[in-house]
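Step one of this worksheet: look at the structure below.
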Amino acid sequence: MIVAIDGPCGSGKGTVAKKLEERLNLVNIDTGATYRCVALSALNNNIDISDEMKIIDISNDIDIKFKDHKVYLNGEDVTKRIRDNDVTAIVSPVSKIIKVRENMVKLQRKLASTSDVVLEGRDITTVVFPNADFKFYLDATLEERVNRRLKQNEELGIASNYDDLYKNMAERDYNDMHKPVGSLMRTDDQIYIDSTNISIDEVVDKMVDIIKGEN
């Protein structure tokens, strides 16, 4: 079974996917983390973000694994590191590189080929798994998403402020919706959920009911 969740950054997709993993015994594949790993690898190797060929080379051979709710890049736990501001600042342009996206989609499909999975991202329901068993679009207002990310960063010990997060998230929204490949979009076959005024647990309850055929 494949449960796919799309939506803008900060809408709660990652948290929802983790809770669905626990509630329904699914394997959670964080697709956004795969792009963040490519971005981090570029930073680690001092590669200029404009040098697309070198970034593509990284994506050709990158070793990414998900285990015990953690993300590993070349065997190193980078779960927190890939959420730092320097990685966040370049992940959108990295993910716009068509060949990088092709390589990550191949990786994501490979990771999802042997288990019942839940995946979240920007194009999971439209590009990566257009025939997923359940396709959700999770949304929230920009202001609410910024506040959530601010709180999340505080809990992780990541320095940030509202204005910078608002600007960065608004730019990411625009970039995500205008990518030549894999852009974020609404489709008629997605189940739309606005989480602005409801809790994450209420979102999860709705999804579980739908998946179990109770709603």
Side-chain angles (χ1 to χ4, degrees), residues 1-10 13-14 17-18 21 26-132 152-153 156 158 168 171-172 175-185:
M1 179 173 68
I2 297 175
V3 178
I5 309 170
D6 281 339
C9 55
K13 302 184 305 298
K18 290 176 183 177
E21 175 184 30
L26 304 173
V27 175
N28 177 22
I29 299 174
D30 184 348
T31 58
T34 63
Y35 294 101
R36 286 179 174 271
C37 283
V38 175
L40 175 58
S41 186
L43 289 173
N44 289 343
N45 289 280
N46 297 313
I47 294 174
D48 192 293
I49 194 64
S50 64
D51 193 338
E52 292 191 0
M53 291 307 301
K54 287 187 177 179
I55 295 175
I56 290 170
D57 286 342
I58 286 175
S59 71
N60 285 334
D61 302 314
I62 198 164
D63 177 20
I64 302 171
K65 290 183 173 63
F66 297 90
K67 184 179 180 181
D68 299 328
H69 310 295
K70 295 181 180 180
V71 184
Y72 292 86
L73 171 61
N74 299 322
E76 178 185 358
D77 179 3
V78 294
T79 309
K80 291 185 177 181
R81 178 68 182 94
I82 59 174
R83 302 295 171 180
D84 285 344
N85 291 336
D86 56 345
V87 176
T88 298
I90 66 170
V91 68
S92 186
V94 165
S95 66
K96 285 199 298 185
I97 301 172
I98 293 176
K99 185 59 178 176
V100 170
R101 295 199 70 83
E102 291 176 352
N103 286 338
M104 292 304 98
V105 167
K106 288 179 182 177
L107 173 63
Q108 293 155 18
R109 288 172 175 164
K110 180 180 179 181
L111 291 170
S113 63
T114 58
S115 305
D116 292 334
V117 298
V118 56
L119 307 96
E120 52 88 7
R122 305 293 186 274
D123 63 349
I124 308 305
T125 67
T126 56
V127 175
V128 184
F129 291 103
N131 296 316
Q152 181 185 56
N153 285 353
L156 293 174
I158 299 173
N168 179 266
E171 290 176 350
R172 286 189 63 193
N175 289 336
D176 288 340
M177 294 177 183
H178 292 82
K179 291 175 180 176
V181 177
S183 61
L184 173 65
M185 65 178 67

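Distance alone, capped at 3.5 Å, is enough to place a donor-acceptor pair between the Asp116 side chain and the Met1 backbone. Counting only distance, with no hydrogens or angles, the side chain of Ser41 and the backbone of Cys37 share no donor-acceptor pair below 3.5 Å. Judged by distance alone, with hydrogens and angles left aside, the side-chain atoms of Thr79 form a donor-acceptor pair with the main-chain N or O of Val71 at under 3.5 Å.
Salt bridge annotation for Arg81-Asp86: present, with a cationic side-chain nitrogen under 4.0 angstrom from a carboxylate oxygen.
Using a 3.5 Å distance cut-off with no hydrogens or angles, the side chains of Lys179 and Ser92 do not pair a donor with an acceptor. Gln108 and Thr34 are linked by a side-chain donor-acceptor pair at a separation below 3.5 angstrom, with hydrogens and angles left out of the test. Between the side chains of Arg36 and Thr88, at least one donor N or O sits under 3.5 Å from an acceptor N or O.
Residue Ile5 comes nearest to Thr125 through the heavy atom pair N-CG2, 4.3 Å, listed as atom of the first residue, atom of the second, then distance. Residue Ile82 comes nearest to Ala33 through the heavy atom pair CD1-CB, 3.8 Å, listed as atom of the first residue, atom of the second, then distance.
Atom CD1 of Ile47 and atom CD1 of Ile90 lie 9.5 Å apart (nearest 0.5 Å). The CG atom of Asp61 lies 12.5 Å from the CD1 atom of Ile56; values are rounded to the nearest 0.5 Å. From Lys106, atom NZ reaches atom CZ of Arg101 across 14.5 Å, with rounding to the nearest 0.5 Å. A distance of 14.0 Å separates CD in Glu76 from NZ in Lys65, rounded to the nearest 0.5 Å. Summarising the geometry, atom CG belonging to Asn28 is positioned 12.0 Å from atom OG belonging to Ser115; distances are rounded to the nearest 0.5 Å. Note that CD1 of Ile124 and OG1 of Thr31 are 3.5 Å apart. Values are rounded to the nearest 0.5 Å.
Considering only heavy atoms from C-beta on, Ile64 stays 4.5 Å or farther from Tyr72 through its side chain. Considering only heavy atoms from C-beta on, Arg172 comes within 4.5 Å of Arg122 through its side chain. Counting only heavy atoms from C-beta outward, the side chains of Ser59 and Met104 approach each other to under 4.5 Å. By the 4.5 Å heavy-atom criterion applied to side chains, Lys13 and Pro8 are not counted as neighbours. Counting only heavy atoms from C-beta outward, the side chains of Ile29 and Val118 never approach each other to under 4.5 Å. Using a 4.5 Å cut-off on side-chain heavy atoms (C-beta onward), Ile58 and Val100 make no contact. Contact of the Val78 side chain with the Leu40 side chain is registered, since non-hydrogen atoms from C-beta on lie closer than 4.5 Å.
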Fill in: Candidate pair Lys99 and Met53, rule side chain to side chain contact (heavy atoms under 4.5 Å, CB included), full reasoning
CA-CA 9 Å; Lys99 185 59 178 176; Met53 291 307 301; over 6 Å; no
Worksheet entry | Asn103/Asn60 under side chain to side chain contact (heavy atoms under 4.5 Å, CB included): CA gap, chis, key distance, verdict | CA-CA 6 Å; Asn103 286 338; Asn60 285 334; 2.8 Å; yes
Worksheet entry | Residue pair Leu26, Val117: steps toward the side chain to side chain contact (heavy atoms under 4.5 Å, CB included) verdict | CA-CA 5 Å; Leu26 304 173; Val117 298; 5.8 Å; no
Worksheet entry | Intermediate values then yes/no, side chain to side chain contact (heavy atoms under 4.5 Å, CB included), Met185 and Asp123 | CA-CA 8 Å; Met185 65 178 67; Asp123 63 349; over 6 Å; no
Discussion item. Apply salt bridge (charged side-chain N to carboxylate O under 4.0 Å, His left out) to residues Asp30 and Arg83 and explain how you reach the verdict.
Written reply: CA-CA 13 Å; Asp30 184 348; Arg83 302 295 171 180; 2.9 Å; yes
